[in-house]
Amino acid sequence: MTLSGVARVAFVGSRRIFASHLPSMQSYTPAFSRQVHNPATGEVIANVSCMGGKETKDAISSAFDAFNSWSKLTAAERSKGLRKWYDLLMAHKEELGQLITLEQGKPLKEAVGEVDYGAKFIEFYAEEAKRVYGDIIPATLPDRRIFVLKQPVGVAGAITPWNFPLAMITRKVGPALACGCTVVLKPSEFTPLSALAAAELALQAGIPPGVVNVVMGNAPDIGDALLTSPQVRKITFTGSTAVGKKLMAGAAGTVKKVSLELGGNAPCIVFDDADLNVAVNGALAAKFRNSGQTCVCANRVLVQEGIYEKFADAFSKAVKNLKVGDGFGEGVVQGPLINKAALEKVETFVEDAVSKGAKVLLGGRRHSLGMTFYEPTVLSNVKSEMLVSREEVFGPVAPLLCFKTEEEAIHMANDTNAGLAAYIFTNNLQRTWRVSEALEYGLVGVNEGLISTEVAPFGGVKQSGLGREGSKYGMDEFLEIKYVCLGDMNRK
Ligand code: NAP
């Protein structure tokens with residue numbers, strides 16, 4: 001399939017998905033549509049349907065009907081569908097990567113890497129589908145038997161962000177489908193095309209209509225329909241902490257199971273005893289992937305005083321080499337920010353830091369390419385009270401903070417409401433354990449800046465979220481535990 005093929009499939013897919021998934025919408029033609037832009041050029045690349053509460057209710061009914069049959073398939077049958085879906089995602093890896101670069105802006109190599117990463121969740125959960133084991137518990141009375149069953153929770157409402165337009169979807173839909181749940185998915189308004197293409201490929205893989213439904217458009221209306229429906233038994237959300245809190249409150253009305261992957265404020269701690277090259281490369285990867293637009297991006301680089309100058313110098317030189325441009329450009333590793341609001345946020349944070357005494361070692365301005373490009377930036381003399389230390393900058397800005405002792409570093413690292421990812425660079429084994437245990441975070445990278453993988457549990461503590469995605473633990477989010485007590489065993 002060519003790129004235009006994928007884009008066409010996305011459009012045809014949007015109609016086909018709705019025509020085939022929603023019985024009441026056979027002749028559905030959207031009253032409104034929304035433009036999708038290429039953030040690197042501002043060009044309109046697509047118009048997609050703009051939906052709201054009514055369409056979401058239809059999608060929920062469709063998912064509810066499909067749940068009856070999908071949940072009753074054997075695990076091996078569901079596994080086969082997921083495996084086929086994985087094969088198709090991989091077969092269209094290049095085109096899907098191009099679609100991600102077009103609508104999200106990240107460099108093509110990174111986008112193709114996202115397809116690989118995202119598809120692996122489908123492969124992993126195709127395998128995990130067969131391992132939903134229950135339990136037999138020794139009974140307390142001689143004529144009883146106690147069984148524990150694990151069953152799919154039901155229809156899941158999945159809401160995803162724009163920064164990983166494919167992987168944030170597969171990380172949710174993979175385990176949901178493996179467990180026997182069906183899904184109503186709402187991708188971000190900025191990046192709906194990857195979602196539509198993935199859903200089309202799910203259909204082509206033989207996953208029945210109604211199992212994966214995509215709705216996009218008015219986020220609060222779609223959110224309300226998902227939250228208030230008694231047929232939706234699970235909300236799984238990745239996005240900002242502010243929206244996560246609203247959804248958690250909204251889910252209380254019908255007491256739904258909720259999992260939340262929210263914002264971070266990752267510390268990246270470089271100790272005096274670290275290997276300088278390892279620390280520079282690790283911090284570079286942890287900070288500048290996706291132009292700083294990931295929830296696990298190093299938001300604060302804490303450097304011990306003995307290595308501070310050397311690190312600042314080597315790190316700034318490495319950042320200077322990062323080529324900025326359109327994600328399709330040769331050798332580009334830094335794309336545009338997603339939109340003007342993101343650019344203005346980065347500007348505000350840098351201005352605030354500079355006004356309070358931070359020094360710009362590199363960058364610090366909009367890029368000469370215009371649009372939403374921002375120069376890869378390194379700030380020194382940053383203090384904990386500056387905005388750039390308190391909140392997620394979500395852009396290519398690395399603030400360097402200095403610390404003296406291990407205790408001070410731990411205190412600074414934990415001094416935030418967020419608790420998603422943290423990184424430490426040290427060659428001291430005892431320190432590795434001590435600091436890893438003391439950090440109030442869900443993920444810790446030691447001498448490594450890229451730690452996400454489908455086989456490990458991903459998720460945060462404190463206000464970074466609830467629950468885990470990926471790994472065997474990701475299945476629990478879509479399962480209910482049922483206890484069955486068999487009495488009167490000895491009756492003949
Ligand atoms: P966002 O503004 O919270 O949006 C996320 C999703 O929620 C989008 O699909 C958005 O729809 C939707 N949404 C917004 N308001 C809603 C409402 N009232 N009801 C229902 N849905 C609603 O976040 P974002 O800007 O897309 O993503 C960036 C944030 O995500 C960052 O904070 C980042 O740290 C976090 N994130 C966390 C993880 C993790 O695993 N912990 C991973 C990636 C990103 P529209 O786009 O259509 O408005």
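For ligands, and for the atoms within them, numbers begin at 1 and follow the listed sequence. Being a predicted model, the structure only gives us computed values, none of them experimental.
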What part of [X], side chain, backbone, both or neither, has a heavy atom within less than 4.0 angstrom of ligand 1?
X	value
M216	neither
I222	neither
E391	neither

[atom] [closest protein heavy-atom partner, distance rounded to 0.1 Å]:
atom	value
atom 38 (C) of ligand 1	C295 SG, 2.9 Å
atom 19 (N) of ligand 1	A219 O, 3.5 Å
atom 24 (P) of ligand 1	W162 NE1, 3.3 Å
atom 18 (N) of ligand 1	P220 CA, 3.8 Å
atom 44 (C) of ligand 1	N163 ND2, 3.3 Å
atom 48 (O) of ligand 1	E189 OE2, 3.5 Å
atom 3 (O) of ligand 1	S240 OG, 2.6 Å
atom 11 (O) of ligand 1	K186 NZ, 2.9 Å

Discussion item. Looking at non-hydrogen atoms alone, which of N290, V243, L227, T160 comes nearest to atom 6 (C) of ligand 1?
Written reply: T160
Worksheet item: Mind checking whether T294 has an N or O less than 3.5 Å away from an N or O of ligand 1?
Response: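 Between T294 and ligand 1, no N or O pair is found under 3.5 Å apart.
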Item to complete: Report the distance from atom CD1 of I100 to atom NZ of K106, rounding to the nearest 0.5 Å.
Response: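 Rounded to the nearest 0.5 Å, the CD1-NZ separation comes to 6.0 Å.
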